[in-house]
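Structure first, commentary second.
Reckoned from all heavy atoms, side chains included, excluding hydrogens, waters and symmetry mates. We name chains A, B, ... by the order of the sequence lines, and we start the count at 1 in each one.
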Amino acid sequence: MKGAIALELKHVTKRFGAVVANHDVSLSVHHGEILAVLGENGSGKTTLMNMISGIYYPDEGEIYIDGNKAQILSPKDSFKYGVGMIHQHFKLVDVFSATENIVLGIEDGKKFNLKESSARIAEIADKYGFEISPEKKIYNMSVSEKQTVEILKVLYRGADILILDEPTAVLTPQETDKLFAVLRRMRDDGKCIIIITHKMHEVLSLSDRVAVLRKGEYVGTVETAMTGESELTEMMVGKKIALNIDRTDALGLGERLVVDKLNCLDEYGVKVLQDVSFSVHGGEILGIAGIAGSGQKELLEAIAGIQPTESGKISYIEPESKELIDLRTKTTAEIRDLGIRLSFVPEDRLGMGLVGNMDAVDNMMLRGYEKSTVFVDRKKPKELADKIIDELEVVTPGTSTPVRRLSGGNVQKLLVGREIASAPKVFMAAYPVRGLDINSSYTIYNLLTKQKESGVAVMFVGEDLDVLMDLCDRIMVIASGKITGIVDARTITKEELGLLMTKTTSVLEDQEPHTNSEEKESLSDE
Amino acid sequence: MIFGFPIVLFIQRAILQGTALLFGSTGEILTEKSGNLNLGIPGIMYIGGISGVIGGFLYQSSAGRTVNPALAIIIPLLSSLLGSLLASLLYCFLTVTLRANQNVTGLALTTFGVGFGNFFGGSLIKLVDSEVPSIALTKIAKVFKKTLPFADDLGWFGDIFLSYGFMVYLAIILAVVASVFLKKTRTGLYLRAVGENPATADAAGINVSKYKYLSTCIGGMIAGLGGLYYVMDYTNGVWSNNGFGDRGWLAIALVIFATWKPSVGIVGSYLFGALYVLYNYISVSMPMMPIIQMLPYVVTIIVLIITSMRSKKENQPPASLGLSYFREER
């Protein structure tokens, strides 16, 4: 089945400023082969693929296509070489039909005839087994239909090398199976397919070979048939690195927040949380590990009352009276007043929680403005801002500087500081160290530990496994919206965590009992 | 006359009144399809009008007793197109190249355009030392208003369909051409893609800035012809300051009424024209007049409500209308 080498990367390196996104990566893919590129968040998978599709240009190294050195300077060049990339975020015009979207930008010198194009599209769709009606408008389409249009777009342009960036992230299991069938048919037709993913079972069921990246480094390529889950996980996460975070023992103040069988749908109607059950105790840090987009955001937002839930229970237990309060019936403001605080640092950092053009004092006032009368009192927020700036060593010219002018780390300190200042009972911090340097990160870790010591139930969503293992008391692992394990952070190994993170089950495997995770759960309850 | 109502005359006046709006709305539709919300259109129509007047004035005063019919059309036409082109280029440079806020830029351009028109209009009026505060280009207007020689012999049919100067027909032709262009051609599809989702168009290899510039400039020139038509045909070559009134805003309202379809704009413009002149033909008391004159806007609001309630995607404005396009960092 395997043909000649279609694509070869030789010693490719890409840097963004001081950050090395890819370092000396060499790999090759053949015609009639499916290569999976596996790696954690930030391991450089997407950057690597963007270099093949012309979005970035490598700083060092060469790309060969069909044996010839290729100069891919723009996405247009990549079409020329027969490379087609299907991005995670669809680039489609909503009010256009599938055909109109597909022919967009094609200058083939032929007469403009949508009917003929539709016929050709139907032909390609038939050949590989896509289900699509070319005349259908995009806004009437499901997510998987939109993805089909994206794939047809590159096939229509005659792509021989297809790159799919996490194609199953938005699909239901049934749709995933359909997509895989189509991809296999394309492989048998001699196309070269690269699929970026972090879902282990997909790698194992679909790919011929797997290339593993870790923190921008190329770890190696293995034949899928010759490897297994544990070897791939080890390649992916690497060895544990010890950090010096002062971790105190959990206080064991009893349950503070109990979530029971929580279910949530995202904006596309896809299930993002499935039967999520866990509890957080006062005086502990519960780490939440998982690949980005596994449902962490939705879970925290559901607790904070921002994200609508389908079914399940979220109860808050009042520390003094032990009274049980159902959070699902409360409004966001009521939940905040109970002392449940969320600080979420999104990828753009300024997107949530702070207003870039306002200064530190105004941003402090955004919380608790309901309590003020017509005229706002700037005195208290000013004191608070001064206190945070002082205690957290925020570098700023003053409290009247717009926060957008501060560096990312200082903005995050303000954000976290403001939520902590409200003396919360439950504190949820999602990616609070995103993009921070080491010292600022440690300031935040210490803050979280201080909160824990004062009896707060802390939830910490982190990206770095080493940090999670050194900072938290327990770690809950979430994969594709399901809890795959709640483990003791002091005894778990990195490999075990990696396995739990990539442990996604397709529909068929769903019936198997999760003995492994249940064992771990009882272990942590000791 | 039907039931004492001068129906033929009424339709004639409606069409004459509507034509200026039709030029404006066709131009604005083309512009908005690229994602540029050009609120400078009322100003550009003023500029188109006064530029034509300046060209015509210079020609008429140099030509002497008789004017050459071809030059009498070509010179005002070209100077009008040039005036609106420059104004549109200014708008493009600010919003596309410098990515200034479209609303602010458009409103500023309208204020500028009206002032520009009144300033040069006032200068010309001073120059000829006229007794009335207006300037008349009667000889040129005669050429603009020339109808087919046999139009008068065809009774009411000739009156309704054939009794107009060439610009009335030009407006219809431009609207039909724009409609076919947007629906049936590759370039039209690309233009709509730019207005709907510039990032997608960019990724597909379409030059977003080029499309925005071209459609805004061509749209602006078409709208400017509305100003020229108003002076040369509708008012018989008489420019008086602020004479064009609020027709530019009506043209923008008409774009919404037509749900961004130039073909619907033809019918809509005549309907608006009819509503605009209605108060002359029904007996209403003076205080009621503004209410009757308000009708086109009321109709637009009703259409806006109906289209938003039905929320049919095809009747919505281009998705990225009014937004500047920043290419994602690469």
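More than 12 heavy atoms of other residues, nucleotides or ligands lie within 6.0 Å of CD in A/E62, so this atom counts as buried by the packing criterion. Sparse packing is recorded around CD of A/E131, with 12 or fewer heavy atoms of other residues, nucleotides or ligands lying under 6.0 Å away. Atom NZ of A/K76 sits in a sparse spot, with 12 or fewer heavy atoms from other residues, nucleotides or ligands closer than 6.0 Å.
In terms of non-hydrogen atom pairs under 4.5 Å with chain B, the most contact-rich of A/I106, A/N101, A/V103 is A/I106. Of the residues considered (B/E196, B/R186, B/K184), B/R186 shows the highest number of contacts with chain A, using heavy-atom pairs under 4.5 Å.
When heavy atoms are compared at a cutoff of 4.5 Å, B/A319 does not approach chain A at all. If you measure heavy-atom distances from B/I206 to chain A, the contacts under 4.5 Å come from the side chain alone. Residue contact with chain B, scored on non-hydrogen atoms closer than 4.5 Å, involves the backbone of A/K111 exclusively.
By the ring pair (Phe, Tyr, Trp, His ring centres under 6.0 Å) test, B/F166 is found to be paired with B/F144, residues two or more places apart in sequence or in another chain being considered. Applying the side-chain hydrogen bond (donor to acceptor under 3.5 Å, both in side chains) rule to A/H23 yields the partners A/E217; only residues at least two apart in sequence or on another chain are considered.
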Report the C-alpha separation of A/F112 and B/T187 in whole Å, then their side-chain angles, then the decisive distance to 0.1 Å, and conclude whether the side-chain contact (heavy atoms from CB on, under 4.5 Å) test is met.
CA-CA 9 Å; A/F112 183 65; B/T187 322; over 6 Å; no
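The two residues B/Y190 and A/L104 make their nearest non-hydrogen contact at CD1-CD1, 3.8 Å. Taking each heavy atom of B/A203 and A/K91 in turn, the nearest pair found is CB-CD, 3.5 Å. Residue B/T200 comes nearest to A/L92 through the heavy atom pair OG1-N, 3.4 Å, listed as atom of the first residue, atom of the second, then distance.
The side-chain contact (heavy atoms from CB on, under 4.5 Å) test with B/N197 is passed by exactly one of A/V93, A/D94, A/V95: A/V93.
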